[in-house]
Colleague: 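One structure coming up, written as structure tokens, with questions to follow.
It should be emphasised that the depicted structure is a prediction, and the values quoted were computed from it without experimental measurement. Note that these values count all heavy atoms, side chains included, but never hydrogens, waters or copies made by symmetry.
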Amino acid sequence: MRLRPSPRSTSAPSTLPDTRLRSRLPFFARLLSKAALTTTAAAVLIAGCAPVRHHPGDDAAPPKRAAPAPAPAPDSARDSWRLVWADEFRGAAHRRPDRAKWVFDRGGEPQWGNHEWQYYTDRPRNVSLDGHGNLALTARRERLRGMHCAVGPCNITSARIKTKGRFARAYGRFEARIKIPRGQGLWPAFWMLGANSDKVTWPANGEIDVMEALGRQPGMVHGTLHGPGYVVQGIETHTALPQGGRLSDGFHTYRVDWMPGKVVWYLDGTQYGTACSSQLRRGQKWVFDHPHYLLLNLAVGGNWPGPPDASTPFPSRMLVDYVRVYAPQR
């Protein structure tokens with residue numbers, strides 16, 4: 001979940017919460033006090049890995065472009081991977097996800113740092129199997145006893161789970177089949193964080209966003225890297241379904257293939273973006289060379305999606321059919 005400027009502004013926020021999720025960025029406030037990081041802008045990397053040209057003296061990134069629609073990868077490519085970790089979310093309805101694979105984040109802002117409105121819980125009403133082979137992360141408009149939030153009315157609960165301490169891996173194919181919700185202020189995500197986050201502050205540990213979407217733009221998916229020198233908006237690529245299609249109308253497969261010096265994004269098996277270490281600019285550092293753990297969450301509100309409004313449906317569910325991780329065949 002990247003840090004994003006407000007929809008009303010194209011610059012990074014001048015102030016951020018002074019405490020963050022310990023597992024992600026324990027000293028983030030101090031880190032962002034460095035001007036070199038607070039002034040970085042997004043760079044969009046699409047299709048191959050040719051060096052990006054910049055005008056001399058221009059410290060802004062190239063303007064955003066939608067990714068082209070390249071041909072899907074050949075089926076024969078699937079034979080070059082072997083499954084090394086998975087959760088198919090099979091089980092009775094209302095059961096929590098497997099605690100041998102997942103741990104729960106809990107609480108509200110200022111832990112998350114994006115001015116989000118939700119309060120995360122581990123209750124089955126917010127995160128549980130649906131009995132049909134899916135995990136349901138559910139955002140609800142409700143206020144629970146003991147809730148405390150630094151942002152918003154503190155009347156929304158949701159869920160965020162991660163494999164930290166259970167599973168992490170460097171390089172491979174990381175894939176999930178997900179049905180995202182639709183609605184103003186909703187912000188579903190499937191992403192990864194560097195497993196050294198207890199020793200190295202974010203963004204130096206690295207963040208790979210496999211899938212992020214905005215509920216107000218349910219036809220578009222974003223893939224992003226965050227690292228030193230590309231903090232707020234990161235190195236980003238995105239694509240949209242043709243003919244105004246909506247990702248919220250059904251399940252779609254979101255994937256990255258991660259290899260040394262390169263990350264490639266796919267939607268339903270079709271490549272739509274590539275980021276390479278060779279494309280980084282002066283002052284930026286490639287930090288995607290060590291294990292990362294997985295995260296799934298449904299955020300509500302925040303700098304990027306904006307707050308929910310009267311049209312936002314509650315409860316809203318993010319359904320996850322499976323999460324699978326593959327390694328290259330030897």
Colleague: Is there a side-chain contact between Thr274 and Gln279, using heavy atoms and a 4.5 Å cut-off?
Modeller: no

Colleague: Counting only heavy atoms not in Arg90, do more than 12 fall under 6.0 Å of its CZ?
Modeller: no

Colleague: Name the orientation class of the two ring planes belonging to His292 and Phe288 (parallel below 30°, tilted from 30 to 60°, perpendicular beyond 60°).
Modeller: tilted

Colleague: Whether the side chain of Gln217 engages the backbone of Leu214 through a donor-acceptor N/O pair (distance < 3.5 Å, no angle test) should be reported.
Modeller: no

Colleague: Are any side-chain N or O atoms of Glu109 and backbone N or O atoms of Asn114, one a donor and one an acceptor, separated by less than 3.5 Å?
Modeller: yes

Colleague: So, taking the atom named CG in Leu135 and the one named CG in Leu137, what distance separates them when rounded to the nearest 0.5 Å?
Modeller: 5.0 Å

Colleague: Of all heavy-atom pairs between Leu129 and Ala92, which one has the smallest distance, and what is that distance?
Modeller: CB-O, 3.6 Å

Colleague: In terms of hydrophobic clustering (I, L, V, M, F, W, Y; side-chain heavy atoms under 4.5 Å; direct or indirect links), are Phe314 and Trp117 co-clustered?
Modeller: yes

Colleague: Among Thr157, Asp105, Asn297, find the one that has a side chain to side chain donor-acceptor pair (under 3.5 Å) with Tyr120.
Modeller: Asn297

Colleague: Determine, step by step, whether Thr239 and Trp265 satisfy the side chain to side chain contact (heavy atoms under 4.5 Å, CB included) criterion, reporting the C-alpha distance in whole Å, the side-chain angles of both residues, the deciding distance to 0.1 Å, and the verdict.
Modeller: CA-CA 10 Å; Thr239 192; Trp265 286 267; over 6 Å; no

Colleague: Taking the side chain as everything from C-beta on, heavy atoms only, tell me whether Val320 gets closer than 4.5 Å to Leu296.
Modeller: yes

Colleague: Could you walk me through whether Glu175 and Tyr322 satisfy the side chain to side chain contact (heavy atoms under 4.5 Å, CB included) test, starting with their C-alpha distance in whole Å, then the side-chain angles of each, then the deciding distance to 0.1 Å, before giving a yes or no?
Modeller: CA-CA 8 Å; Glu175 178 179 277; Tyr322 63 77; 3.1 Å; yes

Colleague: For the hydrophobic clusters of this structure (ILVMFWY residues joined by side-chain heavy atoms under 4.5 Å, transitively), does one cluster hold both Leu241 and Met211?
Modeller: yes

Colleague: Please check this pair: side chain of Asn134 against backbone of Ala136, looking for a donor-acceptor N/O pair closer than 3.5 Å.
Modeller: no

Colleague: Please report the closest heavy-atom contact between Pro308 and Val300, naming both atoms and the distance.
Modeller: CG-CG1, 3.8 Å

Colleague: Please report the interatomic distance OH(Tyr230) to CD(Glu207), rounded to the nearest 0.5 Å.
Modeller: 11.0 Å

Colleague: Can you tell if the side chain of Arg169 reaches within under 4.5 Å of the side chain of Pro291, non-hydrogen atoms only?
Modeller: no

Colleague: What residues form a salt bridge (Lys or Arg N to Asp or Glu O under 4.0 Å) with Asp87, not counting sequence neighbours?
Modeller: none

Colleague: Can you see whether Trp102 has Lys164 sitting over its ring - NZ or CZ less than 6.0 Å from the centre and within 45° of the normal?
Modeller: no

Colleague: Among all residues two or more places apart in sequence or in another chain, which pass the salt bridge (Lys or Arg N to Asp or Glu O under 4.0 Å) test with Arg317?
Modeller: none

Colleague: Tell me the closest heavy-atom pair linking Trp85 and Lys101, and the distance in Å.
Modeller: CZ2-CB, 3.8 Å

Colleague: Tell me every residue that passes side chain to side chain contact (heavy atoms under 4.5 Å, CB included) with Arg182, counting only those two or more places apart in sequence or in another chain.
Modeller: Pro218, Arg246, Ser248

Colleague: Cut-off 3.5 Å, side chains only: do Asn126 and Thr121 have a donor facing an acceptor?
Modeller: yes

Colleague: Is it true that a side-chain atom of Trp112 and a backbone atom of Ala299 form a donor plus acceptor pair closer than 3.5 Å?
Modeller: no

Colleague: Going by heavy atoms in the side chains, are Tyr293 and Ser197 under 4.5 Å from each other?
Modeller: yes

Colleague: To the nearest 0.5 Å, what is the distance between CG (Leu298) and CD1 (Ile161)?
Modeller: 12.0 Å

Colleague: Walk me through it: do Ile178 and Phe190 pass the test side chain to side chain contact (heavy atoms under 4.5 Å, CB included)?
Modeller: CA-CA 9 Å; Ile178 300 172; Phe190 167 44; 3.9 Å; yes

Colleague: For Tyr119, enumerate each residue passing the ring pair (Phe, Tyr, Trp, His ring centres under 6.0 Å) test, keeping only those at least two apart in sequence or located in another chain.
Modeller: none

Colleague: Is there a chain of hydrophobic side chains (I, L, V, M, F, W, Y, each step under 4.5 Å between heavy atoms) that links Leu267 to Trp258?
Modeller: yes

Colleague: Can you give me the closest heavy-atom contact between Asp257 and Met259, atom names plus distance?
Modeller: O-CE, 3.8 Å

Colleague: Going by disulfide bond (SG atoms under 2.5 Å apart), name the pairs with one or both residues in residues 144-189, residues two or more places apart or in two chains.
Modeller: Cys149-Cys154

Colleague: Could you tell me whether the side chains of Ser311 and Asp309 share a donor-acceptor contact shorter than 3.5 Å?
Modeller: yes

Colleague: Holding to side chain to side chain donor-acceptor pair (under 3.5 Å), I want the full list of residues that pass it with Glu88, two or more places apart in sequence or in another chain.
Modeller: Arg324

Colleague: Mind checking what makes side chain to side chain contact (heavy atoms under 4.5 Å, CB included) contact with Pro313, not counting sequence neighbours?
Modeller: Ser316

Colleague: Could you list the residues that satisfy side chain to side chain donor-acceptor pair (under 3.5 Å) with Gln184, not counting sequence neighbours?
Modeller: none

Colleague: Would you compute the distance between atom CZ of Arg141 and atom OG1 of Thr312 and round it to the nearest 0.5 angstrom?
Modeller: 7.0 Å

Colleague: Report the hydrophobic cluster partners of Val103, with the cluster defined as I, L, V, M, F, W, Y residues connected by side-chain heavy atoms closer than 4.5 angstrom, directly or transitively.
Modeller: none

Colleague: Tell me, with the steps shown, if Phe174 and Val323 meet side chain to side chain contact (heavy atoms under 4.5 Å, CB included).
Modeller: CA-CA 8 Å; Phe174 301 80; Val323 178; over 6 Å; no

Colleague: Between His290 (side chain only) and Asn205 (backbone N and O only), is there a donor and an acceptor less than 3.5 Å apart?
Modeller: yes

Colleague: List the residues meeting salt bridge (Lys or Arg N to Asp or Glu O under 4.0 Å) with Arg177, not counting sequence neighbours, and say none if there are none.
Modeller: Asp321

Colleague: To the closest 0.5 Å, what do you measure between CH2 (Trp191) and NZ (Lys162)?
Modeller: 9.0 Å

Colleague: Sequence neighbours left out, what passes side chain to side chain donor-acceptor pair (under 3.5 Å) with Tyr171? Give chain and number order.
Modeller: none

Colleague: Between Pro328 and Trp81, what is the shortest heavy-atom contact and its length?
Modeller: N-CE3, 3.6 Å

Colleague: Side chains of Trp304 and Glu212: does their closest heavy-atom pair fall under 4.5 Å?
Modeller: yes

Colleague: Enumerate the salt bridge (charged side-chain N to carboxylate O under 4.0 Å, His left out) contacts for residues 118-129, please, sequence neighbours excluded, ordered by first and then second residue.
Modeller: Arg106-Asp122, Arg123-Glu142, Arg125-Glu142

Colleague: Is a side-chain donor or acceptor of Glu236 paired with a backbone partner of Thr224 at a separation under 3.5 angstrom?
Modeller: no

Colleague: Does one hydrophobic cluster hold both Leu295 and Leu319, with members joined at side-chain heavy-atom distances below 4.5 Å?
Modeller: no

Colleague: Is there a donor-acceptor pair closer than 3.5 Å between any side-chain N or O of Arg96 and the backbone N or O of Val127?
Modeller: no

Colleague: Applying the side chain to side chain contact (heavy atoms under 4.5 Å, CB included) test to His226, which of Val287, Ile208, Asp209 qualifies?
Modeller: Asp209

Colleague: To the nearest 0.5 Å, how far apart are NE2 in His222 and OH in Tyr254?
Modeller: 11.0 Å

Colleague: Minimum heavy-atom separation for Ser128 and Pro97, please, with both atom names.
Modeller: CA-CD, 4.4 Å

Colleague: Does Val325 share a hydrophobic cluster with Val210, counting links as ILVMFWY side-chain heavy atoms below 4.5 Å and allowing steps through other members?
Modeller: yes

